[in-house]
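So you know, we letter chains A, B, ... as the sequences are listed, proteins then strands, and number each from 1.
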Amino acid sequence: MATRSYDIKSYTGFLQITLLCLFVLYAPLIVVAVYSLNASDSIAVWEGFSLRWYADVFTGAESAKFKVAARNSFIIAIIAATVATTIATLAATAMVRGGKFRLRAWSFGLISLPLMVPEIVTAVATLIFFNSIGFERGLLTILLAHIAFCIPFAYLPISARMQGIEDTYEQAAQDLYATKRQAFTKILLPLMLPGIISGYLLAFIISLDDFIITNFVKGAGVETLPTAIFGAVKQGIKPNIMAISTMLLGFSILMVLISYLVSRTDKKS
Amino acid sequence: MAGGATSGGNAVTDTYKEARNWLLLPAWVTLSFLVLAPVLLMLVYSFLTKEFRGGVIWEFSLAAYDQFFFDRGLFGDDPAQIEWTYIAIFWRSIWQAGAATLLSLAIGFPTAYFIATRPEKQRVIWVFLITIPYWVNLLIRTVSMRFLLRDEGPLNSFFMATGLVDGPVHMINTNFAVQVGLFYSYLPFMVLPIYAAVERYNFTLSEAAADLYANKWITLRHIVLPAVKPGVIAGCILVFVPSLGSFLAPDLLGGAKNFMIGSLIEEQFKGNAGNWPFGAAASMILLTMVLIILVIYARAQARSDKEAG
């Protein structure tokens, strides 16, 4: 290969643009995190470091409202992610291990439907659906809607993981007189576990963070963290909102980090 | 291909062949009832008569679509003229989403290219850094942007402290703020598919071009860009489609003057003033636009796959 005086792969300015890209992605988050530590009553001036707004979230005037919203959010996210992950795991098993079949493309279309339909359209449709069957809006309607649209987010990492697992292990197990059930629960499921954990965590975050669908299908007076934050922001951004946002932000990043590490450690082994 | 998974014809495949309908049943039921059926029902609702306190009367009517496209005067008996209000809102949405897509492409392409040309170990970290913001609550990200762009916000304080400007630059509640918000919301969607395409690109092609005295920018324009085009198109669709129907960025950053489709739809279902059939019709029009884009994309993809062999 000829030696060149320059690197044909690299372009001047691309590094700078990449750094700009990261700056744009992170600067607003960092700014909010920094201002959540502001001692001042006003968000406009910096008066030194303080954790008072974090204390305010838990003990202040609005703390009761936030506590209920947080409890709703976490209960819904835990149940929705669990149910969606279970459904997605079963579906992925059929889609990846089931060979070719007529309904395969159709099933894949159905599973990815929530990703293709704009979220606001899903929200409108779900509201109309619950309304037409006379289903009272409340926590249960939020939960059902979340289960449905979390399925593709759980499905994708699980099926990606399963496509990487050769079925020779299960064949060997069955050759050695394992029952079909044992081949599934003792061989395939443990091998799929990193994908399942990753799918669960992503579904969990998607549910925890959802605003648009929740906003449509929640009943009057029922709040989750995002709808409570949205309502408060409409009155003006206050420092306690920045504190609660920063906590939610940190929690999401932690979940993604765990999801990432789970899928990574596994690749090494 | 998926290893031996889809080869078929062995005991394992047979096992799952028997069970696959049962395994898929929960997904079919959940998604049919909670996504597919509601969308079809929404189509039906768009042809019903509105109830004044929200909801519908089960009587066939074209009023929702009529209201969208035609203006028949205050009492509804003037000759029909084209109603521009809603078409203008859709047009603005397309324009805003397009601007956000171009902005994302301008920043996202170099970023994706840069990341894809790093040593393999570094790439993972760069990609991870790009993906994290996607998983952070979109509402909080949009609120952060609003905080940042305010007249008294940190960005303006910075501008004024450095003496770049005398008074605050008015950014919030403008079209520009919405574009920045959309760009910021969906930027990772632009970077990732382009990154995947550049990673597969065979750099000996660039070397060949260089040997034939092409300079680097000509190589990028005529060799690299055509090769990674599918990734670029995928990225553009992944940014454009969610931008088109977005609600948070126009609502929190655009204010009342910069209305987009999402806000128009939301308004119809809020409180008692809403018009459900009209909201359903607007949603159907949005959904149709998105499906047309996706079908064109899928066709083009199938054609280029065929050409590639």
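Among the candidates A/Leu208, A/Ile205, A/Leu144, the residue making the largest number of heavy-atom pairs closer than 4.5 Å to chain B is A/Leu144. Ranking A/Thr122, A/Val121, A/Asn215, A/Asp210 against chain B, the residue ahead of the rest is A/Val121, based on heavy-atom pairs under 4.5 Å. Highest contact tally toward chain B, considering only A/Val31, A/Leu202, A/Leu19, is held by A/Leu202 [criterion: heavy-atom pairs under 4.5 Å]. No other option in B/Leu286, B/Thr131, B/Leu40, B/Val241 has as many heavy-atom pairs under 4.5 Å with chain A as B/Leu286. The greatest number of non-hydrogen atom pairs below 4.5 Å with chain B, out of A/Met255, A/Lys234, A/Glu119, is found for A/Lys234. Ranked by heavy-atom pairs under 4.5 Å with chain A, the list B/Val44, B/Leu291, B/Val224, B/Asp251 is led by B/Asp251. Contacts with chain A were tallied for B/Phe33, B/Trp58, B/Phe128; B/Phe128 has the most, counting heavy-atom pairs under 4.5 Å. Highest contact tally toward chain A, considering only B/Thr219, B/Asn137, B/Ile265, B/Val191, is held by B/Asn137 [criterion: heavy-atom pairs under 4.5 Å]. Residue with the most contacts toward chain A among B/Phe109, B/Phe247, B/Tyr113, B/Trp28: B/Tyr113 (heavy-atom pairs, distance under 4.5 Å). Interface summary for chain B: among A/Leu127, A/Ile212, A/Thr86, A/Thr126, the most heavy-atom pairs under 4.5 angstrom belong to A/Leu127. Contact count versus chain A (heavy atoms, under 4.5 Å) is highest, among B/Gly245, B/Pro38, B/Ala282, B/Ala280, for B/Pro38. Looking only at heavy-atom pairs under 4.5 Å with chain B, the residue among A/Trp106, A/Tyr155, A/Phe184, A/Tyr35 that has the most is A/Tyr35.
In this structure, the portions of A/Ser10 lying under 4.5 Å from any heavy atom of chain B include both its backbone and its side chain. No part of B/Trp22 comes within reach of chain A, as not one of its non-hydrogen atoms sits under 4.5 angstrom from that chain. Both the backbone and the side chain of B/Val39 come within contact range of chain A, with heavy atoms under 4.5 Å apart. Heavy-atom distances place the side chain of A/Leu20, and not its backbone, under 4.5 Å from chain B. Both the backbone and the side chain of A/Ile17 come within contact range of chain B, with heavy atoms under 4.5 Å apart. Looking at A/Ile128, the atoms closer than 4.5 Å to chain B (heavy atoms on both sides) sit in the backbone and in the side chain alike. With a 4.5 Å cut-off on non-hydrogen atoms, A/Asp175 does not touch chain B at all. Both the backbone and the side chain of B/Leu36 have a heavy atom closer than 4.5 Å to some heavy atom of chain A. For A/Phe251, no part lies near chain B; criterion is any non-hydrogen pair under 4.5 Å. In this structure, the portions of A/Leu257 lying under 4.5 Å from any heavy atom of chain B include both its backbone and its side chain. Residue A/Ile241: no heavy atom, backbone or side chain, is found under 4.5 Å from chain B. Contacts of A/Leu110 with chain B are made by both backbone and side-chain atoms, with heavy-atom separations under 4.5 Å. Looking at B/Ile130, both its backbone and its side chain come within 4.5 Å of chain A, counting heavy atoms on both sides. With a threshold of 4.5 angstrom between heavy atoms, A/Glu170 approaches chain B through its backbone and through its side chain. With a threshold of 4.5 angstrom between heavy atoms, A/Phe153 approaches chain B through side-chain atoms but not through N, CA, C or O. At a 4.5 Å heavy-atom cutoff, A/Leu225 makes no contact with chain B through either its backbone or its side chain. Contacts of B/Ala27 with chain A are made by both backbone and side-chain atoms, with heavy-atom separations under 4.5 Å.
When all heavy atoms of B/Leu220 and A/Phe14 are compared, the closest pair comes out as CD2-CZ, 4.1 Å. The heavy-atom pair separating B/Tyr184 from A/Val24 by the smallest distance is CE1-O, 3.3 Å. The two atoms that bring A/Ile120 and B/Gly262 nearest to each other are CD1-O, 3.3 Å, heavy atoms only. Between A/Lys100 and B/Arg20, the closest heavy-atom pair is O-NH1, 3.8 Å. Among all heavy-atom pairs drawn from A/Ala148 and B/Leu34, the shortest one is CB-CB, 3.6 Å. Shown here for A/Ser252 and B/Val136, the closest heavy-atom pair between the two residues is CB-CA, 4.3 Å.
Looking at A/Thr246 and B/Ile140, their side chains never come closer than 4.5 Å, going by heavy atoms from C-beta outward. Side-chain contact between B/Val143 and A/Ser245 is absent, with no heavy-atom pair separated by less than 4.5 Å. The shortest side-chain heavy-atom distance between B/Leu244 and A/Pro118 does not fall under the 4.5 Å cut-off. The shortest side-chain heavy-atom distance between B/Pro188 and A/Leu25 falls under the 4.5 Å cut-off. Within the 4.5 Å cutoff, side-chain heavy atoms of B/Val124 are placed close to those of A/Tyr260. B/Leu31 has its side chain within reach of A/Ile111: a pair of non-hydrogen atoms, C-beta onward, lies under 4.5 Å apart. Two residues are said to be in side-chain contact when any heavy atoms from C-beta on lie closer than 4.5 Å; B/Gln268 and A/Val124 fail this criterion. Proximity of B/Leu248 to A/Phe230: side-chain heavy atoms (C-beta onward) are separated by under 4.5 Å at one or more points.
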Decide side-chain contact (heavy atoms from CB on, under 4.5 Å) for B/Tyr45 and A/Asn131; before the verdict, give the C-alpha distance in whole Å, the side-chain angles of both, and the deciding distance to 0.1 Å.
CA-CA 11 Å; B/Tyr45 261 53; A/Asn131 184 69; 3.7 Å; yes

Carefully, step by step, assess B/Phe114 and A/Tyr11 under the rule side-chain contact (heavy atoms from CB on, under 4.5 Å).
CA-CA 8 Å; B/Phe114 178 81; A/Tyr11 287 86; over 6 Å; no

Worked verdict on B/Arg141 versus A/Leu249 for side-chain contact (heavy atoms from CB on, under 4.5 Å)
CA-CA 9 Å; B/Arg141 284 198 287 151; A/Leu249 208 142; over 6 Å; no

Between A/Val233 and B/Leu252, is the side-chain contact (heavy atoms from CB on, under 4.5 Å) condition met? List the steps.
CA-CA 9 Å; A/Val233 166; B/Leu252 289 171; 4.0 Å; yes

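Distance check: B/Leu48 CG to A/Ser132 OG gives 10.0 Å after rounding to the nearest 0.5 Å. The OG1 atom of A/Thr18 lies 6.0 Å from the CH2 atom of B/Trp126; values are rounded to the nearest 0.5 Å. A/Ile253 CD1 to B/Ile132 CD1: the interatomic distance, rounded to the nearest 0.5 Å, is 5.5 Å.
Within a 6.0 Å sphere centred on CZ of B/Phe158, other residues, nucleotides and ligands contribute 12 heavy atoms or fewer.
Under a 3.5 Å cut-off, the side chain of A/Tyr26 and the backbone N or O of B/Leu129 do form a donor-acceptor pair.
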